[in-house]
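To keep things clear, I will list the structure first and then write my remarks on it.
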Amino acid sequence: MSLLIRDPILDGRATSIFIEDGLIAALGEDREADRVIEADGLHAFPSLKNGHTHAAMTLFRGYGDDMPLMDWLEQRIWPAELQLTEEDVYHGTRLALLEMIRSGTTYLSDMYWHREGVSRAVHDMGVTAHVSSVFIDHGDPDRAKEHQERVHQRYAERDKYGPRVKMALGPHAIYTVSPGSLEFIADFARRHDLIVHIHLSETEQEVADCVAAHGVRPVKHLGCVGLLGPNLVAAHGIWLDDEEREMLGAAGATIITNPVSNLKLAVGGIFDVDAARRAGIRVGIGTDGAASNNNLNLLEEMKIAALVQKHRAGDPTCLPAAEALALGTSGVAEAYGLGPGTLSVDAPADVILVDLSGASTQPVHDAVSSLIYAAGPECVVTTIAGGEVLMHHRELEIADETEIIENAARAAMDLVARAAGGRT
């Protein structure tokens, strides 16, 4: 299957993009293709990549807002999640993917329950994802054994939904996973070349609790259990000290910053992108779940990332627009082994076409600045993943949008009713 995107604006000039077998085969050449998209006046960018999310938490959007993090988890989210079914997760994930596609995102790294439901939704919606089931044992040997057996089973079934649904390991956090289980995960990931996706140093209390329980700060604890390496992708990383940054950088690890969720949950700090990069840490960006964001809009996330970095540093030149865009494109792509995350020959054909002709984005002195600081999801006209057109002219091509929304809303209301004891 071949696709020609004719004359979009790329790096300031009209440049046709020829796609074949899921890859960008040529730039600037109008070759014959099975399908042609006329893109005169539209701007082409790499599609966006969400480095940390819990997609099916769209079901909890607005459920438990304005609460402290641990109260929110313990009083609202965790009790409701005990009631989740695979079908709930399937419908919640499809809603998340609909929102992502409509705002230009074609990849996610997802950590959540009922991996089968997540995987089905990813397969059906045409995007790519690393899917990691939540691993939480709270130090219980029986739960640890059960989770470890599930890891073996999921590895055996890892190709069930094809190459776009990729396996990762998802230990929730140091404070919910025992050292023995973390050692198991480190060994399994090393033997099978798998990504390990974990929450790290999101709150100051988490750091204090780690020191009290293990005698060391969180990154050193990860080193003790064998998890420090280039396959480690850690979400948040707000409360790192200089020694921890140096350890993560030396290991080749990645931090995924989630500024909107962190601001909403008031975790007490701002992730320092400059310090992380000086230490050699790769940095990407994610939205976290819709229960703590409350959307999955990476355009907004990249803008706020740039703004909070400027505020933190007291420097308006900190994290300029092009670097903010790289957090949601090449930063995540490199972390998860997805290629360069750029529009270049032989790169995966993950493309968005953006209309910057509207009142809120004109005039366009710099297209990247306009995208990061002014554009919203409504500006994304076309979303292409691996050469497949998922949305064109703002119309979804791979599913029924109304059906997705209605099924997710129904699942959410039923789930909350069950969690509240309204019915079994």
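Everything numeric in this text was worked out from a predicted model, so none of it was measured. Numbers here simply count residues along the sequence, with the first being 1. Computation of the quantities below employed the complete heavy-atom set of this structure, encompassing side-chain atoms and omitting hydrogens, waters and symmetry-equivalent molecules.
With a 4.5 Å cut-off on side-chain heavy atoms, T329 and T342 do not count as touching. Two residues are said to be in side-chain contact when any heavy atoms from C-beta on lie closer than 4.5 Å; E323 and R277 meet this criterion. Looking only at side-chain heavy atoms (C-beta outward), R158 and L194 stay at 4.5 Å or farther from each other. In this structure, V380 and M391 have side chains that are in contact, with non-hydrogen atoms separated by less than 4.5 Å. Proximity of P46 to L343: side-chain heavy atoms (C-beta onward) are separated by under 4.5 Å at one or more points. Side-chain contact check for E116 versus K160: some heavy-atom pair is nearer than 4.5 Å. Considering only heavy atoms from C-beta on, H130 comes within 4.5 Å of Y107 through its side chain.
Below 30°, between 30° and 60°, or above 60°: for W113 and H147 the angle between ring planes is between 30° and 60°, a tilted geometry.
Judged by distance alone, the side chain of R164 and the main-chain N or O of H123 form a donor-acceptor pair under 3.5 Å. Proximity of a side-chain donor or acceptor of D350 to a complementary backbone N or O of G386 within less than 3.5 Å is detected. For the pair D110 (side chain) and A55 (backbone), a donor-acceptor distance under 3.5 Å is present. Using modelled atom types, no side-chain atom of R35 and backbone atom of S2 make a donor-acceptor pair closer than 3.5 Å. D88 places a side-chain N or O within donor-acceptor distance of the main-chain N or O of T85, the cut-off being under 3.5 Å. Remark: side-chain polar atoms of R94 are not paired, donor with acceptor, to backbone N or O of A121 under 3.5 angstrom. A donor-acceptor pair is defined here as one N or O able to donate and one able to accept, closer than 3.5 Å; no such pair exists between the side chain of E401 and the backbone of L396. Side chain of Q309 to backbone of L319: no donor-acceptor contact under 3.5 angstrom is found. Between the E244 side chain and the V219 main chain, a donor and an acceptor come within less than 3.5 Å of each other. Proximity of a side-chain donor or acceptor of S16 to a complementary backbone N or O of D7 within less than 3.5 Å is detected.
Rounded to the nearest 0.5 angstrom, L48 CG and T383 OG1 are separated by 8.5 Å. Separating the CG atom in L59 from the CD atom in Q83 is a distance of 13.0 Å, to the nearest 0.5 Å. With rounding to the nearest 0.5 Å, the separation of CG in L327 from CD1 in I255 is 12.5 Å. The distance from the CG atom of N407 to the OH atom of Y90 is 8.5 Å, given to the nearest 0.5 Å. Distance CG/L97 to OG1/T58: 9.0 Å, rounded to 0.5 Å. Note that the CD1 atom of I256 and the CG atom of D288 stand 11.5 Å from one another [nearest 0.5 Å].
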Please walk me through it: do L27 and V345 pass side chain to side chain contact (heavy atoms under 4.5 Å, CB included)? CA-CA 7 Å; L27 293 172; V345 174; 4.2 Å; yes
Mind running side chain to side chain contact (heavy atoms under 4.5 Å, CB included) on T105 and L296 for me, showing each step along the way? CA-CA 9 Å; T105 295; L296 304 172; over 6 Å; no
Could you walk me through whether N258 and E202 pass the side chain to side chain donor-acceptor pair (under 3.5 Å) test, one step at a time? CA-CA 10 Å; N258 304 264; E202 184 175 3; over 6 Å; no
Before giving the answer on side chain to side chain contact (heavy atoms under 4.5 Å, CB included), spell out for R278 and D274 the whole-Å C-alpha distance, their side-chain angles and the decisive distance to 0.1 Å. CA-CA 6 Å; R278 286 195 299 270; D274 288 338; 3.6 Å; yes
From CA spacing to verdict: side chain to side chain donor-acceptor pair (under 3.5 Å), S181, D137: CA-CA 8 Å; S181 288; D137 64 16; 2.5 Å; yes
What's the verdict on side chain to side chain donor-acceptor pair (under 3.5 Å) for R154 and S133, showing C-alpha distance, side-chain angles and the deciding distance? CA-CA 9 Å; R154 285 163 184 153; S133 301; 3.1 Å; yes
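More than 12 non-hydrogen atoms from other residues, nucleotides or ligands lie less than 6.0 angstrom from NE2 of H192. The number of heavy-atom neighbours closer than 6.0 Å to CZ of R13, taken from other residues, nucleotides and ligands shown, is 12 or below. Counting heavy atoms of neighbouring residues, nucleotides and ligands inside a 6.0 Å radius, atom CG of D193 does not exceed 12 of them. D11 CG: 12 or fewer foreign heavy atoms inside a 6.0 Å radius. The environment of CG in D40 is sparse: at most 12 heavy-atom neighbours from other residues, nucleotides or ligands sit within 6.0 Å. Around atom NZ of K264, more than 12 heavy atoms belonging to other residues, nucleotides or ligands sit under 6.0 Å away.
Remark: E204 pairs with no residue by the salt bridge (Lys or Arg N to Asp or Glu O under 4.0 Å) rule, at least two apart or across chains. For D159, there are no salt bridge (Lys or Arg N to Asp or Glu O under 4.0 Å) partners, not counting sequence neighbours. Taking H214 as the reference, H221 meet the ring-ring contact (aromatic ring centres under 6.0 Å, His included) condition, with sequence neighbours excluded.
A80 and Y63 make their closest contact through CB-CE2, 4.2 Å (heavy atoms, listed as atom of the first residue, atom of the second, distance). Nearest approach of G51 to S109, heavy atoms of both residues: O-CB, 3.4 Å. W239 and T203 get closest at one heavy-atom pair: CD1-C, 3.3 Å. Across every non-hydrogen atom of H236 and L200, the tightest pair is CB-O, 3.7 Å. The shortest non-hydrogen separation linking P340 to A347 is CG-CB, 3.7 Å. Smallest separation of non-hydrogen atoms from A367 and L356: O-CD1, 4.0 Å.
In this structure, H54 has its ring center closer than 6.0 angstrom to the ring center of H199.
In summary, the side chains of S103 and N297 do not present any donor paired with an acceptor at a separation below 3.5 Å, with no hydrogens or angles considered.
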